[in-house]
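Here the structure comes first, spelled out in structure tokens, and everything after it is commentary.
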Amino acid sequence: MIFFTTPVSRFDMRWSQSFIPTMKEVPAEAEVPSHQLMLRAGLIRQLMAGAYTYLPLGYRIVRKVSEIVRQEMDRAGAIELFMPALQPIDIFERTGRREAFGNVLFNFEVKRGDRRLHLALGPTHEEVITDLMAKHISSYRQLPITLYQIQTKFRNEERPRFGVLRTSEFLMKDAYSFGTSIEQLNAAYDSMYQAYCRIFERCGLKYLPVEAESGPIGGDASHEFMVPADNGEDFVVHCPGCGYAANQERADTGRQSAVLQPVAGSSAPVRVATPNAGSIEQVSRLLKTDATSFIKTLIYVADGKPVAVLLRGDHTANEGKIRRAAKATVVELADEATILKVTGAPVGFAGPIGIKCDCLIDHDVAKISSAITGANEKDAHLTGVIPGTHFAVQGTFDLRNAESKDPCPKCSGTLEIVHGIEVGHVFKLGTKYSVSMDARFVDAQEQSHPIIMGCYGIGVTRVVASIVETCHDENGIIWPLAVAPYSVEVIPLNVTDAEVMKISNQIYNDLSAVGIDVLMDDRDQRPGFKFKDADLIGIPLRITIGGKGLAEGIAEIKWRTEPDARKVPLADAVGYVKDLIAEKMMG
RNA sequence: CGGGGUGUAGCUCAGCUUGGCUAGAGCGCUACGUUCGGGACGUAGAGGCCGCAGGUUCAAAUCCUGUCACCCCGACCA
């Protein structure tokens with residue numbers, strides 16, 4: 001048997017025998033396209049906020065995507081297993097993640113005999129798998145190994161939303177690599193990265209691998225796979241020129257450091273009274289100026305030492321960049337007492353002139369020719385402040401979040417910001433969990449070391465929603481062939497016409513026999529009704545059998561994406577469709 | 001967790017401001033008939049604790065209080 005598309009166990013289905021409750025009208029609770037269409041096309045139904053039933057058609061798509069994920073994981077050398085969703089709370093205490101997860105971790109007590117068990121529902125499985133490996137890996141000879149599962153994850157989202165895009169219960173593929181060295185970790189990571197690219201490509205998704213905040217390991221230790229979409233919750237900084245992409249926390253800008261010399265003969269800053277106006281918004285209204293001519297002075301504490309961070313008034317601080325510029329391990333916003341101490345004023349009136357701490361200056365601050373700053377005095381600001389003249393600028397840093405129109409750090413291009421849906425994440429974990437779970441191996445010299453780990457996730461159900469979000473038109477979903485619940489939909493226009501049904505059944509059976517997923521809309525409905533439903537559920541190929549075509553001896557075959565059908569002699573129809581599908585799957 | 005919105009038939013919604021007959025429409029559903037190539041039409045039906053609880057009143061879908069659920073914005077998201 002030849003599988004032209006991702007196989008699931010059953011190829012054929014008659015609509016009248018299935019359960020595909022489509023809706024003409026848009027349910028009031030659905031806002032984003034994927035949510036609306038998945039409800040209307042009869043793929044999902046909501047049980048409660050953040051929990052959905054996958055109806056037969058929807059579940060077929062989940063299975064198709066899962067199968068692609070499984071094939072590519074296997075191809076990349078990962079081994080499938082299946083772990084419990086139910087987990088003892090203790091393992092989260094061992095890794096300190098009970099607190100880290102906080103309320104996101106579903107956890108509860110149950111009675112068992114006269115004991116009380118404290119359980120959690122797995123939000124992910126680092127603890128479980130590391131515990132497993134700790135018990136069974138003892139030698140470097142057993143490594144490297146990568147294991148994965150496809151399993152339901154539970155996270156008590158504070159606010160589930162956007163239908164299936166953000167739920168409390170969702171299907172996820174999670175893989176974990178175990179190795180003896182950074183080299184083995186890098187090899188596993190690269191192999192997963194490549195597998196992810198193949199998976200998203202096969203799913204028909206446009207995606208961007210994005211550099212993500214990588215924590216203590218640094219470097220290229222983490223990538224998120226983002227699907228650009230208007231309703232995405234994440235911001236991706238992207239350079240169309242060279243392909244550079246990073247999430248907003250991580251993205252660098254290509255701006256240059258500046259050293260400014262004092263301007264001779266310039267007049268001194270002017271003090272203006274700004275009673276009760278401590279925010280940039282208030283002062284800019286008072287002085288009738290734009291936030292871009294302000295210097296925002298934020299007081300941080302870096303490893304216990306106060307430091308002023310200077311940004312242009314309309315920009316937002318990036319604490320990761322500030323931490324690196326300050327060469328500190330911990331930075332946090334200063335409290336009111338510290339601010340009073342270094343500025344001599346309450347919150348809202350800090351400025352670089354006369355401040356009693358070091359200043360870190362963002363690149364863009366040096367470009368302001370005449371700025372407004374706090375006066376380090378209650379209810380007062382300074383205007384006409386010239387950077388480099390009224391306060392020293394001995395070099396500037398990248399301290400803020402990247403913005404649209406910033407220069408690209410990798411080429412001469414310009415950055416843009418796009419919304420994205422995070423569908424996958426690869427992460428070099430290092431030894432965080434192996435140390436806390438005591439998962440160790442001995443090397444050839446009988447030295448014991450913690451195992452070096454990586455973790456790799458794909459939100460399977462989120463992939464499904466992302467496909468709908470990006471593959472639809474005003475009439476409904478347009479499934480890419482590889483993930484379509486059925487490849488072909490046969491529509492007999494008149495089910496009471498014996499000849500129409502005979503031909504339709506024959507084509508349906510023949511397609512099924514060669515391993516093509518085929519759905520036949522055998523409902524006794526008018527043609528227009530069936531066409532509308534066909535467009536809604538988005539089966540890639542449509543074969544229409546009706547009186548008109550039969551008179552000419554032809555079937556009408558049409559891609560969901562094309563406006564007009566091709567007329568194919570009845571005898572050739574099955575072969576023609578087979579070729580179309582084979583060609584599409586190759587291309 | 002802060003802010004906003006909505007709960008009336010399977011779905012979309014009207015009615016609520018200004019309390020009053022038997023609570024409505026369209027779609028969907030059932031039966032029959034006419035239709036039949038892009039969500040047909042007619043006739044006759046079925047279907048409602050007006051989210052739930054309390055209160056005000058002669059009288060509550062409608063006013064008041066509480067509560068629950070859902071949606072949106074924000075905060076949060078290893």
Side-chain angles (χ1 to χ4, degrees), chain A residues 21-32 35-36 39-42 45-52 91-92 95-105 120 122-127 130 153-163 165-168 170 172 174 176 212-216 222 224 231-235 247 249 421-422 425 427 429 432-433 436 453 455 457 459 462 474-476 491-497 500 521 523-537 542-552 554-556 558 560 563-565 567:
Chain A
T22 57
M23 286 187 281
K24 188 154 81 172
E25 286 177 286
V26 180
E29 75 263 19
E31 201 91 343
V32 300
H35 191 193
Q36 295 179 347
L39 288 167
R40 289 189 54 212
R45 282 294 114 98
Q46 185 181 70
L47 176 65
M48 59 177 181
Y52 287 82
I91 58 174
F92 290 95
T95 57
R97 290 171 103 199
R98 184 180 175 182
E99 207 187 5
F101 274 117
N103 197 240
V104 171
L105 186 68
T124 172
H125 284 70
E126 277 84 1
E127 282 79 5
T130 309
K153 301 289 190 270
F154 298 88
R155 295 182 195 181
N156 183 28
E157 292 290 346
E158 294 297 326
R159 182 149 99 83
R161 63 186 117 169
F162 301 142
L165 276 173
R166 187 169 200 80
T167 50
S168 308
F170 56 96
M172 178 169 159
D174 47 325
Y176 306 90
E213 197 53 62
S214 47
S222 172
E224 288 167 354
N231 291 302
E233 295 182 83
D234 296 291
F235 292 100
N247 72 18
E249 293 87 67
I421 301 165
E422 185 187 347
H425 197 167
F427 199 101
L429 281 174
K432 177 171 157 58
Y433 296 100
S436 55
M453 294 174 55
C455 67
R462 194 180 265 191
E474 66 279 5
N475 294 314
I491 302 185
L493 286 188
N494 185 352
V495 298
T496 57
D497 182 318
V500 166
D521 190 350
R523 294 173 300 173
D524 187 6
Q525 289 288 356
R526 299 162 64 85
F529 186 96
K530 295 205 213 182
F531 289 147
K532 285 289 183 189
D533 258 359
D535 286 345
L536 215 209
I537 68 171
R542 191 179 90 188
I543 306 180
T544 307
I545 306 295
K548 278 186 193 171
L550 244 44
E552 297 177 54
I554 56 109
E556 294 159 65
K558 153 181 146 38
R560 167 67 237 266
D564 299 308
K567 295 182 175 185

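Naming: A, B, ... by sequence-line order, numbering from 1 per chain.
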For nucleotides 2-12 of chain B, list the nitrogen or oxygen atoms of the protein found under 3.5 Å from its nitrogen or oxygen atoms, one pair per line.
from, atom 1, to, atom 2, distance (Å)
B/C11, O2, A/Glu25, OE1, 3.3
B/U12, OP1, A/Ala28, N, 2.7

_Given B/C72, B/G39, B/G37, identify the nucleotide with an atom nearest to the side chain of A/Phe162._
B/C72
*Mind checking A/Gly547 for me? I need base, sugar-phosphate or nothing, with any heavy atom below 4.0 Å counting as a touch.*
base
*Between B/G42 and B/A9 - P atom distance, rounded Å*: 24 Å
_Rounded distance (Å) that lies between atom P of B/A75 and atom CZ of A/Arg161_ = 9 Å
*Figure out the CZ/C1' separation between A/Arg40 and B/G39, and round it to whole Å.*
10 Å
*Does a side-chain N or O from A/Gln46 land closer than 4.0 Å to OP1 or OP2 of B/C71, or not?*
yes
*asked:* As a test of reading the structure: which of B/A78, B/G39, B/G74 is closest to the side chain of A/Arg155, going by heavy atoms?
replied: B/A78
*When you compare B/G20 with B/C72, how far apart are their C1' atoms, in angstrom units rounded to a whole number?*
37 Å
*How would you list, by chain and number, every residue that makes a side chain to side chain donor-acceptor pair (under 3.5 Å) with A/Asp174, sequence neighbours excluded?*
A/Gln149, A/Lys153, A/Tyr176
*Taking for each residue the nucleotide of RNA chain B bearing the nearest heavy atom, is the 5' side occupied by A/Met172 or by A/Gly528?*
A/Gly528
*A/Leu39 CG - B/C70 C1' separation (whole Å)*: 13 Å
*Does the pair A/Arg155 and A/Thr124 meet the rule for a side chain to side chain contact (heavy atoms under 4.5 Å, CB included), with working shown?*
CA-CA 9 Å; A/Arg155 295 182 195 181; A/Thr124 172; 4.0 Å; yes
*asked:* Under a 3.5 Å cut-off for both contacts, is B/G54 paired Watson-Crick or G-U wobble with anything, and if yes, with which nucleotide?
replied: B/C64
*Kindly point out which of B/G38, B/G39, B/C70 is positioned nearest to the side chain of A/Lys558?*
B/G38
_Side chains of A/Arg560 and A/Asp535, heavy atoms from C-beta outward: is any pair under 4.5 Å?_
yes
*asked:* Looking at B/C49, which nucleotide sits across from it as a Watson-Crick or G-U wobble partner, both distances under 3.5 angstrom, or is there none?
replied: none
_Any heavy-atom pair between the side chains of A/Val26 and A/Arg40 that's under 4.5 Å?_
yes
*Decide yes or no, distance alone: a donor-acceptor N/O pair under 3.5 angstrom between the base of B/G38 and the side-chain of A/Arg542.*
yes
*Which base sits across from B/A40 as a Watson-Crick or G-U pair, both distances under 3.5 Å?*
B/U34
*Give one of base, sugar-phosphate or nothing for A/Ala100, where a contact means two heavy atoms less than 4.0 Å apart.*
nothing
_Opposite nucleotide pairing with B/G24, Watson-Crick or G-U, both atom distances under 3.5 Å_ = B/C13
*asked:* Can you tell whether the side chains of A/Lys558 and A/Asp564 come within less than 4.0 Å, N to carboxylate O?
replied: no
*Could you state the atom-to-atom distance from CG of A/Leu493 to P of B/C36 in whole Å?*
13 Å
*Which nucleotide, B/C70, B/A40, B/C73, lies nearest any side-chain atom of A/Arg526?*
B/A40
*asked:* Let me confirm one number: the CD1-NZ distance from A/Ile491 to A/Lys530, rounded to the nearest 0.5 Å.
replied: 7.0 Å
*Answer whether the closest heavy-atom distance between the side chains of A/Met453 and A/Thr130 falls below 4.5 Å.*
yes
*Pick base, sugar-phosphate or nothing for A/Arg98, based on heavy-atom distances below 4.0 Å to the nucleic acid.*
nothing
_Any N or O donor-acceptor pair under 3.5 Å from the base of B/G39 to the side chain of A/Asp533?_
yes
*Measure the distance from CD on A/Gln525 to P on B/A40 and round it to the nearest whole Å.*
9 Å
*Specify the separation, in whole Å, of atom CG of A/Asp174 and atom P of B/A78.*
16 Å
Every protein N/O within reach of nucleotides 42-47 of chain B N/O, cut-off under 3.5 Å:
none

_Please report the distance separating the P of B/G19 from the corresponding atom of B/A59, rounded so that it comes out in whole Å._
15 Å
*Which base sits across from B/C1 as a Watson-Crick or G-U pair, both distances under 3.5 Å?*
B/G74
*If you measure from the P atom in B/G45 to the same atom in B/G24, how many Å do you get, rounded?*
14 Å
*Between B/C73 (C1') and A/Glu158 (CD): distance, integer Å*: 16 Å
_Classify A/Asp535 by what it touches in the nucleic acid, base, sugar-phosphate, or nothing, heavy-atom distance under 4.0 Å._
base
*Should A/Arg161 and A/Glu233 be marked as a salt bridge (Lys or Arg N to Asp or Glu O under 4.0 Å) after you check the CA-CA gap, both sets of side-chain angles, and the distance that decides it?*
CA-CA 10 Å; A/Arg161 63 186 117 169; A/Glu233 295 182 83; 3.6 Å; yes
_Taking B/G74 as the reference, what is the distance to B/U12 when you measure between their P atoms (whole Å, please)?_
24 Å
_Pick the closest RNA chain B nucleotide for A/Glu233 and for A/Gly163 by heavy atoms, then say which residue is nearer the 5' end._
A/Gly163
*To the nearest angstrom, how far is A/Asp497 atom CG from B/U35 atom C1'?*
16 Å
_Beyond-backbone contact of A/Ile537 with A/Thr22, side-chain heavy atoms, under 4.5 angstrom_ = yes
*Compare all side-chain heavy atoms of A/His35 with those of A/Asn231 and state whether any distance is below 4.5 angstrom.*
no
*Return the nearest nucleotide to the side chain of A/Thr544; candidates are B/A75, B/G37, B/C70.*
B/G37
